[in-house]
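In what follows, every chain begins at residue 1, and chains take the letters A, B, ... in the order their sequences are listed.
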Protein chains: 2
Amino acid sequence: MPTCTCQNRTLNESGEHVCSLKPPMEKDKTKETREYVSPVRYSDGSVRLRNPNIELMDQDILYHLALGSGSHDLVEMFGDVKFVCMGGTPKRMENFANYIMKEIGHKLPAGTTLLDITKNSYRYSMYKVGPVLSISHGMGVPSVSILLHEVIKLMYHARVRDPIFFRIGTCGGIGYEGGTVVISEEAVDETMKPQMELTVLGKLLRRPAKLDRQLARDLKALAHRDDPYDTIIGKTMCSNDFYEGQGRLDGAFCEFSEADKMEYLTKLQKAGVVNIEMESICFAALTHHAGIQAAVVCVTLMDRLKGDQVLAPKEVLEE
Amino acid sequence: MPTCTCQNRTLNESGEHVCSLKPPMEKDKTKETREYVSPVRYSDGSVRLRNPNIELMDQDILYHLALGSGSHDLVEMFGDVKFVCMGGTPKRMENFANYIMKEIGHKLPAGTTLLDITKNSYRYSMYKVGPVLSISHGMGVPSVSILLHEVIKLMYHARVRDPIFFRIGTCGGIGYEGGTVVISEEAVDETMKPQMELTVLGKLLRRPAKLDRQLARDLKALAHRDDPYDTIIGKTMCSNDFYEGQGRLDGAFCEFSEADKMEYLTKLQKAGVVNIEMESICFAALTHHAGIQAAVVCVTLMDRLKGDQVLAPKEVLEE
């Protein structure tokens, strides 16, 4: 069976599949030894993986992106990427791609339009606008975790130098009205620990959920006093659940009182948590582990100290 | 601001929003006291919620479904539902809806076609074919958790009697080739405990991840010896990660050896685990807690004892 995603079913003289997407000569290029300066960087500044296995593989299939190092020329397709922006829904990230196209003055060739690069995966949506990738990550830590593994591998295969990752999302505010822009200085879990816990081969592993503080300050500096919304910096609590995990009273189950909920939210507030969402801890931990500069910017949909239900008919995203 | 999803922006004499989707008189109906026989059932067999707050709310917005008890006549729309089928991608669940339509001989009125009911949510896709709902749940526990909370609430609002929930998905087999159909007898976590751990108001909570054993046996009995695939029953391990959490060597990070991986997978196999996926523990725990009969049926994409990468270009789903 061919191990690439090309539709060519031709075999060569040795009975091996001939890939129609990438000429076989390309393969040898990727085999050359590359010098590195750190566990996460080659000497030219391109992304190095904390996984020695990938370099040794003939090809790497990025299954949930429907891309592969053997089936696609990833250097040609993605080598010029500088910024990777991720957010929850496909629609939002398509809108963001079109928004950023105008902002950076990127022009598409006449007669072309943006295409969802990972359309065939049916998992995520990915748009490319010059140096910017705009990708949907779905909801929750596991969904963003799969995407980050594959996008970080994509950065490696494409030999991208010093990319910067952004998550642009929605959240509940704690003490902040709907429409407030929150830049995360740090991500904490539901017990307020600034680390991601994951179970690897049955054993608990912890990774610090650090974000780039300078990048957060730089983003804050972009806020203008005439903006029709507030922009703040603070800690972000990442929950694995939208209802019970965030102290909502309106899930299918609720086994605590409104007083319990308010006590918990107030405790979060006193610890410096300004908003709650569902992906930041993984986003911070995996980008930090990969040595990639990252920031999380979310807009609040409501103040959780005042309610649970999302009443706003539409969210407006700004960076 | 109107608290429903209708597009009508008219206000009545008291300055209140007039909903174009549900006439105001409907509201009183939902306020009547309903007799119940258990924490999870009313006397007519319809779904009761383990949350006293919902009955007291004027309306309940199912935000991630873009539906609401105040904006939609949920009894009329969903009152006849018997089976709720969930799976990862929107595309698969659209295909499943069309497949099941033929299987049950359901006919749409002339000049109509299936519509994604939750299209406006940009989160999940939902199709209805007579008594069957076919809904995409995304990837991972948090994503399926949000959906289950809102679908269980939907069952309550629609007064559905004794619904049965199915998850139909893809998985990695342990000792079983790609194409094997696996019916889960139980879901276990990454440390092989048959329970879902969740953090509520900062405190750890555990819920048993039980599935309906009789339903699993009934499904197994549907397998035919002439089927071109095997159908088995066994334990399903649910991971919060596709790469490291499942012992894959090909993620962006890998800090263990192939021997470590094989030791872990063999340990799982000896404990009766036959497949690995990423949603079953939440699916089992939340349906069990809600008193809803449920089954998980997955097709293996590969045997994890033989490899990590997903090489199959297309998955074929059968129930």
Side-chain angles (χ1 to χ4, degrees), chain A residues 1 3 5 49-54 57 60-61 63-64 88-92 122-123 138-143 145-146 148-150 152-153 189-192 198-202 240-245 247 249-256 260-261 264 267 278 286 289-290 309-311 313, chain B residues 1-3 5 49-54 57 60-61 63-64 88-92 122-123 138-143 145-146 148-149 152-153 189-192 198-202 240-245 247 249-256 260-261 264 267 278 286 289-290 309-311 313:
Chain A
M1 181 196 295
T3 51
T5 59
L49 297 177
R50 286 181 184 269
N51 180 356
N53 302 317
I54 306 291
M57 289 165 64
D60 180 23
I61 296 176
Y63 174 66
H64 302 83
T89 71
K91 184 69 185 167
R92 188 194 305 155
Y122 303 121
R123 302 280 183 177
M139 283 177 284
V141 163
S143 186
S145 163
I146 297 173
L148 282 169
H149 271 278
E150 299 192 3
I152 291 168
K153 291 204 289 178
D189 70 7
E190 292 151 317
T191 61
M192 280 181 274
L198 65 166
T199 308
V200 176
L201 304 187
N240 282 318
D241 180 45
F242 185 78
Y243 289 99
E244 297 173 283
L249 299 163
D250 60 348
F253 318 124
C254 182
E255 290 152 12
F256 50 84
D260 297 335
K261 163 195 156 176
Y264 178 63
K267 202 169 136 192
M278 297 181 63
L286 297 200
H289 197 59
Q309 294 237 311
V310 181
L311 304 175
Chain B
M1 182 197 294
T3 51
T5 58
L49 297 178
R50 285 181 186 272
N51 181 356
N53 303 317
I54 305 292
M57 288 164 65
D60 181 21
I61 296 176
Y63 175 66
H64 301 85
T89 72
K91 185 68 185 170
R92 188 194 304 156
Y122 304 119
R123 302 281 181 176
M139 284 178 286
V141 163
S143 186
S145 162
I146 297 173
L148 282 169
H149 271 278
I152 292 168
K153 290 203 288 178
D189 71 8
E190 292 151 319
T191 61
M192 282 182 272
L198 66 165
T199 308
V200 177
L201 305 187
N240 282 320
D241 180 45
F242 186 78
Y243 289 98
E244 298 173 282
L249 299 163
D250 61 349
F253 317 123
C254 182
E255 290 152 14
F256 50 84
D260 297 335
K261 163 196 157 175
Y264 178 62
K267 201 169 136 191
M278 297 181 63
L286 297 200
H289 198 59
Q309 292 238 313
V310 181
L311 303 176

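In terms of non-hydrogen atom pairs under 4.5 Å with chain B, the most contact-rich of A:Gly140, A:Pro90, A:Ser143 is A:Ser143. Contact count versus chain B (heavy atoms, under 4.5 Å) is highest, among A:Gly88, A:Gly251, A:Gly138, A:Gly247, for A:Gly251.
Remark: the backbone N or O of B:Ile61 is paired with a side-chain donor or acceptor of A:Gln309 at under 3.5 angstrom.
For A:Phe253, the ring-ring contact (aromatic ring centres under 6.0 Å, His included) partners are B:His149, B:His289, not counting sequence neighbours.
Only the side chain of A:Leu198 comes within contact range of chain B, with at least one heavy atom under 4.5 Å from a heavy atom of that chain. With a 4.5 Å cut-off on non-hydrogen atoms, A:Val141 touches chain B through its backbone but not through its side chain.
Side-chain contact between A:Ile146 and B:Met278 is present, with at least one heavy-atom pair separated by less than 4.5 Å. For the pair A:Ile54/B:Asp250, a side-chain contact is recorded, criterion being any heavy-atom separation below 4.5 Å from C-beta on.
Here the shortest heavy-atom pairing between B:Cys254 and A:Pro52 reads O-CD, 4.3 Å.
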(Q) As a quick check of understanding, evaluate side-chain contact (heavy atoms from CB on, under 4.5 Å) for A:Asn240 and B:Thr199, giving each step before the final call. (A) CA-CA 8 Å; A:Asn240 282 318; B:Thr199 308; over 6 Å; no
Q: Show your working on side-chain contact (heavy atoms from CB on, under 4.5 Å) between A:Met139 and B:Met139 and close with a plain yes or no.
A: CA-CA 8 Å; A:Met139 283 177 284; B:Met139 284 178 286; over 6 Å; no
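For the residue pair B:Asn51 and A:Glu255, no side-chain donor N or O sits within less than 3.5 Å of a side-chain acceptor on the partner.
Ring geometry for B:His64 versus A:Phe242: interplanar angle over 60°, hence perpendicular rather than tilted (30 to 60°).
For the atom pair CD (A:Glu244) and CG (B:Leu286), the distance works out to 7.5 Å, reported to the nearest 0.5 Å. Separation of atoms CG (B:Asn53) and CZ (A:Phe256) is listed at 8.5 Å; rounding is to 0.5 Å. Here A:Tyr264 contributes atom OH and B:Leu201 contributes atom CG; the two are 7.0 Å apart, rounded to the nearest 0.5 Å.
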